[in-house]
Amino acid sequence: MATTGIDYPKELNPDQLAAATAPPGPALVLAGAGSGKTRTLTYRVAFLVENGLPPENILLLTFTNKAAREMLERVRNLLPHDISRLWGGTFHSVGNRILRRHAPAVGLEPGFTILDRDDARDLLAACFPAIGVDPKEKRFPKAGAILELLSFSANTTRPLDELLATGYAHLEEFADALSRLADEYRKRKLASNAADYDDLLTLPLDLLRRDPRLARHYQDRWACVLVDEYQDTNRVQADFIDLVASAHRNVTVVGDDAQSIYSWRGANFENILSFPDRYPGSRVYRIELNYRSVPQILSLANASIANNSRQFPKALRSTLAAGVRPHLVATPDADGQARFIAREILSLHSDGTPLREIAVLYRAHAHAIELQMELVRCHIPFVITSGIQFFEQAHVKDVAAYLKTAFNPFDEIAFKRVARLMPGVGDRSAEKLWQRVRGQSEWPEDIAPAKAVKDWRQLRQLIAQLRAQPGPSVPDAISWILDACYRDMLNLKYDNHQQRIDDIQQLQEFSRRFDSVPDLLAQLSLMTGLDASYGGADDGDVLRLSTVHQAKGLEWEAAFVIMLCDGAFPLGRLIDDEAQLEEERRLFYVAVTRAKKRLYLTFPQMRFGRGAAGGDLFQRPSRFLTELPPGLAEPVQIRIPRETAHRGHRHRDAEFDPWDWS
DNA sequence: ATTCGGCCGGTTTTT
DNA sequence: CCGGCCGAAT
């Protein structure tokens with residue numbers, strides 16, 4: 001059996017071992033936070049390969065590229081086998097690979113473009129006139145909101161009118177226009193030879209359903225399907241798994257229903273709850289031994305999640321010696337909270353905790369502005385895993401648009417983006433130009449407005465050059481774009497042009513690993529913020545600020561969970577709906593289980609000028625704190641230094657008792 | 001008729 | 001800090 005000497009019983013605990021070496025057949029592995037979920041899945045892959053399953057017969061689906069990369073890397077280190085033919089990656093990247101092979105069957109060319117969220121919104125907005133909706137009509141929903149609706153509909157497979165009747169009643173009066181808009185949008189995507197994120201999931205599934213022979217091909221190929229983070233799958237993803245695994249029924253799904261936090265994106269944690277019913281005879285493995293956090297942190301996490309009704313009952317047990325109780329810190333306001341955190345971080349740091357082992361987690365980016373200012377003041381270096389990704393920045397998207405225009409002559413959004421970079425060209429001129437060049441391999445000369453004649457000639461020549469055979473290497477293509485026109489454009493437009501050029505050169509460096517421009521473009525669209533592999537941006541010893549969503553799967557010695565006020569975490573408008581509140585609680589559970597040794601739960605007792613409500617607001621502590629049994633956290637009395645009682649706020653120089661929330 | 005600069009307002013979470 | 005809206009400039 002074993003040929004490479006992996007000593008499974010030695011390297012895995014008994015629960016992990018049972019899951020990793022499970023016999024063929026459907027298996028559900030319920031692996032709690034910090035229990036070695038990735039490790040187990042990695043060893044499962046190794047186990048299968050070692051027992052004679054060729055790697056090309058394995059499909060490994062993950063939630064992020066990073067997770068896939070790490071797992072495959074670890075398998076490579078465990079085994080001498082060549083696993084390059086193993087299909088591993090995110091659902092979207094696997095969908096992309098399938099579509100590239102069978103693009104014509106769904107009405108696309110293999111070189112199709114992937115529309116990111118902004119591209120998709122722009123294309124949808126461009127559909128408004130065609131269905132006779134005035135985009136200036138104030139009452140009509142914005143393109144972004146409609147896209148969200150369409151996306152939710154696609155990911156949950158719930159038809160538009162059903163959604164409109166239930167969760168989106170305020171849009172119901174527009175039902176007719178919205179459904180025509182959806183049709184138009186679908187047509188325009190095909191006409192642009194483009195697919196949005198949702199298409200990467202739905203089109204392959206539709207294709208396999210329509211073509212049983214093709215389905216059979218993939219079913220045979222993937223004798224074994226493994227899925228990470230199964231609790232975050234949506235209906236389309238679950239259906240895809242069910243379809244490709246239906247021949248062999250060798251499907252291992254790993255997940256933790258307590259960490260399902262993506263329902264707003266269509267994820268349905270009923271998928272994991274109902275797995276045993278949908279796969280009769282499946283085995284269920286529980287891994288509850290936690291290697292990450294001290295017992296006091298797990299006690300709090302267990303107590304919190306116990307307030308949820310829909311779940312597999314579970315309790316994490318720590319393998320670590322007792323540490324300290326989580327600290328519960330009330331501050332007068334957000335500035336006080338920021339000062340407390342900064343001070344505590346400096347103290348942790350001087351006690352030997354590197355900054356990179358500390359994180360501040362929050363519900364929404366806006367919750368951290370006061371803290372950011374305080375950190376700058378205290379010279380504490382930090383990085384934010386921002387909502388804006390490297391490749392979503394305007395200049396990176398501009399360069400991508402040049403490439404898309406060159407390699408996909410039907411890409412309307414990319415062309416218009418490039419056209420509008422020329423002086424004197426706005427929406428109208430861009431549309432006129434588009435009518436003249438759509439699908440053309442060669443563009444007419446002198447069709448641009450007077451002010452852009454020179455720029456048009458440059459652009460025309462650049463595109464011809466990029467399209468010439470044999471094509472340029474990917475880094476060369478980017479150089480050509482910079483040299484032809486884009487460097488000048490940046491210099492004119494931005495005062496931080498050097499920074500932007502540096503970014504593009506970093507992109508160029510990253511692009512070396514790709515053989516073709518379409519490969520690069522697809523990869524760019526599918527990367528996440530945490531997959532920041534384009535450069536060693538965050539190697540230094542820096543503090544991390546992150547939303548809880550983006551912190552999933554990560555861990556730190558010390559974590560601060562901040563802004564724990566009712567209305568901020570849980571977020572205001574989600575409190576009334578019991579299902580959404582339970583998701584917020586799962587999010588809180590994810591947050592607290594990121595901490596290994598020290599956990600701080602902080603909340604300001606007052607926040608200021610929050611728009612709609614108007615004026616200052618006294619805050620209730622988060623119900624996720626008040627509902628906990630007493631004694632799980634250590635109330636910390638903080639002294640507010642005198643200089644903080646300024647700007648007319650009504651604080652006394654006093655001590656605050658966080659448990660006194662009368 | 002368009003473009004483009006300036007200002008205001010608002011913001012959940014993201015493959 | 002980004003997108004949308006309005007008004008001045010072309």
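Worth saying up front: this structure is predicted, and the values here are computed from it rather than measured. In what follows, chains are A, B, ... by sequence order, proteins preceding strands, each numbered from 1.
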> Do the rings of A:Phe560 and A:Tyr600 sit parallel, tilted or perpendicular, given the 30° and 60° boundaries?
Replying inline: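 The arrangement is parallel - the two ring planes meet at less than 30°.
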> Which class fits the ring pair A:Trp264 and A:Tyr262: parallel under 30°, tilted 30 to 60°, perpendicular over 60°?
Replying inline: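 Geometry flag for A:Tyr262 against A:Trp264: tilted rings.
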> Is the distance between the ring centroids of A:Phe603 and A:Phe569 under 6.0 Å?
Replying inline: no
>> Given B:dT15, B:dT12, C:dG4, identify the nucleotide with an atom nearest to the side chain of A:Arg265.
In response: B:dT15
Exam field: side chain [X] to backbone [Y], donor-acceptor pair closer than 3.5 Å:
| X | Y | answer |
| --- | --- | --- |
| A:Asn408 | A:Ser192 | yes |
| A:Asn268 | A:Glu270 | yes |
| A:Arg100 | A:Phe112 | yes |

Please report, rounded to the nearest Å, how far the [atom2] atom of [N] is from the [atom1] atom of [X].
| X | N | atom1 | atom2 | answer |
| --- | --- | --- | --- | --- |
| A:Tyr362 | B:dT12 | OH | C1' | 12 Å |
| A:Glu148 | B:dT15 | CD | C1' | 14 Å |
| A:Phe128 | C:dG4 | CZ | P | 11 Å |

> Name the stems that DNA chain B belongs to, where each is three or more consecutive Watson-Crick or G-U pairs with both distances under 3.5 Å?
Replying inline: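 As far as DNA chain B goes, consecutive pairing (with distances under 3.5 Å) yields the stems B:1-9 with C:2-10.
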> Any side-chain N or O of A:Thr547 under 4.0 Å from OP1/OP2 of B:dT14?
Replying inline: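 Yes, such a contact exists.
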> Quick one: is B:dT13 close enough that its OP1 or OP2 comes under 4.0 Å of any side-chain N or O from A:Gln550?
Replying inline: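 It does not, given that no N or O in the side chain of A:Gln550 lies less than 4.0 Å from OP1 or OP2 of B:dT13.
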> side chain to side chain contact (heavy atoms under 4.5 Å, CB included) between A:Leu61 and A:Trp87: does it pass, once the steps are laid out?
Replying inline: CA-CA 8 Å; A:Leu61 291 163; A:Trp87 277 49; over 6 Å; no
> Which one of A:Arg417, A:Lys404, A:Lys189 satisfies the salt bridge (charged side-chain N to carboxylate O under 4.0 Å, His left out) criterion with A:Asp119?
Replying inline: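 Testing each of A:Arg417, A:Lys404, A:Lys189 against A:Asp119, the sole residue satisfying salt bridge (charged side-chain N to carboxylate O under 4.0 Å, His left out) is A:Lys404.
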Nucleotide N/O to protein N/O under 3.5 Å, stretch nucleotides 2-4 of chain B:
{"unit_1": "B:dT2", "atom_1": "OP2", "unit_2": "A:Arg428", "atom_2": "NH1", "d": "3.4"}
{"unit_1": "B:dT3", "atom_1": "OP1", "unit_2": "A:Gly426", "atom_2": "N", "d": "2.7"}
{"unit_1": "B:dT3", "atom_1": "OP1", "unit_2": "A:Ser429", "atom_2": "N", "d": "3.1"}
{"unit_1": "B:dT3", "atom_1": "OP1", "unit_2": "A:Ser429", "atom_2": "OG", "d": "2.6"}
{"unit_1": "B:dT3", "atom_1": "OP2", "unit_2": "A:Asp427", "atom_2": "N", "d": "3.2"}
{"unit_1": "B:dT3", "atom_1": "OP2", "unit_2": "A:Arg428", "atom_2": "N", "d": "3.3"}
{"unit_1": "B:dT3", "atom_1": "O5'", "unit_2": "A:Gly426", "atom_2": "N", "d": "3.3"}
{"unit_1": "B:dC4", "atom_1": "OP1", "unit_2": "A:Gly424", "atom_2": "N", "d": "2.5"}

>> Any carboxylate oxygen within less than 4.0 angstrom of a Lys/Arg side-chain nitrogen, looking at A:Arg438 and A:Glu412?
In response: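 Result for this pair is no, no salt bridge flagged.
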> Are the ring of A:Trp264 and the six-membered base ring of B:dT13 within the stacking cut-offs of under 5.5 Å and under 30°?
Replying inline: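 According to the criterion (under 5.5 Å, under 30°), yes, A:Trp264 stacks.
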>> With a 3.5 Å cut-off and heavy atoms only, can you find an N or O donor on one side and an acceptor on the other between the side chain of A:Arg363 and the base of B:dT13?
In response: yes
